[in-house]
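It should be emphasised that the depicted structure is a prediction, and the values quoted were computed from it without experimental measurement.
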Amino acid sequence: MKKAMLLSLLALTVSTPALARDTVVMIPLKEVLAMPQAQEKLDGTVRFYLAGAKTPDIVKEMGEDVTNKKTNGINKSDEEGCKWATLSALIALQEGAKKRGANAVVGIVSYYKKNELQHATEIECHAGTFAIGVALKGTYAKVAGKK
């Protein structure tokens, strides 16, 4: 009897679809930029402008790029993990901008699974059971003045 119950339980477990979590969390860009770690890693030579936000005049566009960053979600709140993943994505964009001689990344949109989401103040993040991810797409540019 026990063997039959175990086999039934095993069959039920194997046939049940995985309970994958995919929670959407919207993270304000200004909160990520205010993190102490952002102050250390983002040196201020490259500015970030989300699509729909007020942007200085663009002097020259220097190509588009996509970054897809993930962080371990274990022992982190969704918000904390999303901030870390967003910071990693911004660091990657900063490095790409510097390589091209750009001083800004403009028109930044969330680009999770290649689906664009434009928001003037927030970035879309996806928190799963074990990993948390952010994908961003933006255009490297030289912008005029400081705003």
Side-chain angles (χ1 to χ4, degrees), residues 8-147:
S8 295
L9 183 58
L10 180 61
L12 182 62
T13 303
V14 172
S15 66
T16 304
L19 299 175
R21 184 170 79 91
D22 185 16
T23 304
V24 176
V25 180
M26 298 302 291
I27 296 295
L29 176 61
K30 68 180 181 180
E31 288 183 14
V32 175
L33 296 175
M35 293 170 59
Q37 299 86 349
Q39 304 299 311
E40 295 171 17
K41 301 287 185 180
L42 301 174
D43 62 17
T45 60
V46 176
R47 291 168 284 165
F48 304 96
Y49 299 96
L50 298 177
K54 186 174 180 179
T55 304
D57 291 335
I58 297 171
V59 176
K60 180 180 181 184
E61 289 188 0
M62 306 169 88
E64 189 176 85
D65 203 1
V66 173
T67 181
N68 186 353
K69 296 297 179 179
K70 299 201 181 320
T71 189
N72 182 333
I74 297 173
N75 293 325
K76 290 182 185 118
S77 69
D78 290 353
E79 184 176 327
E80 177 188 9
C82 284
K83 286 180 180 178
W84 275 106
T86 301
L87 178 56
S88 294
L90 294 176
I91 292 168
L93 289 173
Q94 175 181 262
E95 290 170 4
K98 286 181 172 187
K99 286 178 185 174
R100 290 166 178 80
N103 66 356
V105 184
V106 300
I108 299 171
V109 295
S110 296
Y111 199 59
Y112 194 78
K113 293 186 178 179
K114 298 184 180 182
N115 293 314
E116 285 189 25
L117 176 69
Q118 177 180 325
H119 197 285
T121 60
E122 295 180 324
I123 292 171
E124 176 185 27
C125 174
H126 287 253
T129 304
F130 301 108
I132 297 172
V134 168
L136 299 177
K137 180 168 81 168
T139 302
Y140 298 116
K142 284 199 180 220
V143 296
K146 291 192 176 208
K147 289 191 180 183

Can you give me the closest heavy-atom contact between [X] and [Y], atom names plus distance?
X      : Y      : result
Tyr49  : Lys54  : CD2-O, 3.5 Å
Ile58  : Ala141 : CG2-CB, 4.0 Å
Pro56  : Ala144 : CB-O, 3.3 Å
Cys125 : Ile132 : SG-CG2, 3.4 Å
Tyr140 : Ala102 : CB-CB, 3.9 Å
Gly96  : Arg100 : O-NH1, 3.0 Å

Any side-chain heavy atom of [X] within less than 4.5 Å of one from [Y]?
X      : Y     : value
Phe130 : Ile74 : yes
His126 : Val24 : yes
Phe48  : Val32 : no

Measuring from [X]:[atom1] to [Y]:[atom2], what's the distance to the nearest 0.5 Å?
X      : Y      : atom1 : atom2 : value
Asp78  : Lys76  : CG    : NZ    : 11.5 Å
Glu31  : Glu122 : CD    : CD    : 8.5 Å
Lys137 : Asp65  : NZ    : CG    : 11.0 Å
Gln37  : Leu87  : CD    : CG    : 7.0 Å
Lys70  : Ser88  : NZ    : OG    : 11.5 Å
Lys99  : Met62  : NZ    : CE    : 14.0 Å

With a 3.5 Å distance limit and no angle check, can you tell me whether [X] reaches the backbone of [Y] through a side-chain donor-acceptor pair?
X      : Y      : result
Asn103 : Val143 : yes
Thr121 : His119 : no
Glu116 : Val109 : no
Gln94  : Ala89  : no

Glu95/Thr67 under side-chain contact (heavy atoms from CB on, under 4.5 Å): CA gap, chis, key distance, verdict: CA-CA 11 Å; Glu95 290 170 4; Thr67 181; over 6 Å; no

CA sep, side-chain torsions, deciding dist, call: Thr86, Met35, side-chain contact (heavy atoms from CB on, under 4.5 Å): CA-CA 11 Å; Thr86 301; Met35 293 170 59; over 6 Å; no

Derivation and outcome, side-chain contact (heavy atoms from CB on, under 4.5 Å), residues Leu136 and Leu93: CA-CA 9 Å; Leu136 299 177; Leu93 289 173; 4.1 Å; yes

Criterion side-chain contact (heavy atoms from CB on, under 4.5 Å) on Val46 and Leu90, from CA distance to verdict: CA-CA 10 Å; Val46 176; Leu90 294 176; over 6 Å; no

Over 12 non-hydrogen atoms of neighbours within 6.0 angstrom of CG in Asn75: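 No, CG of Asn75 has 12 or fewer neighbouring heavy atoms, counting only those of other groups under 6.0 Å.
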
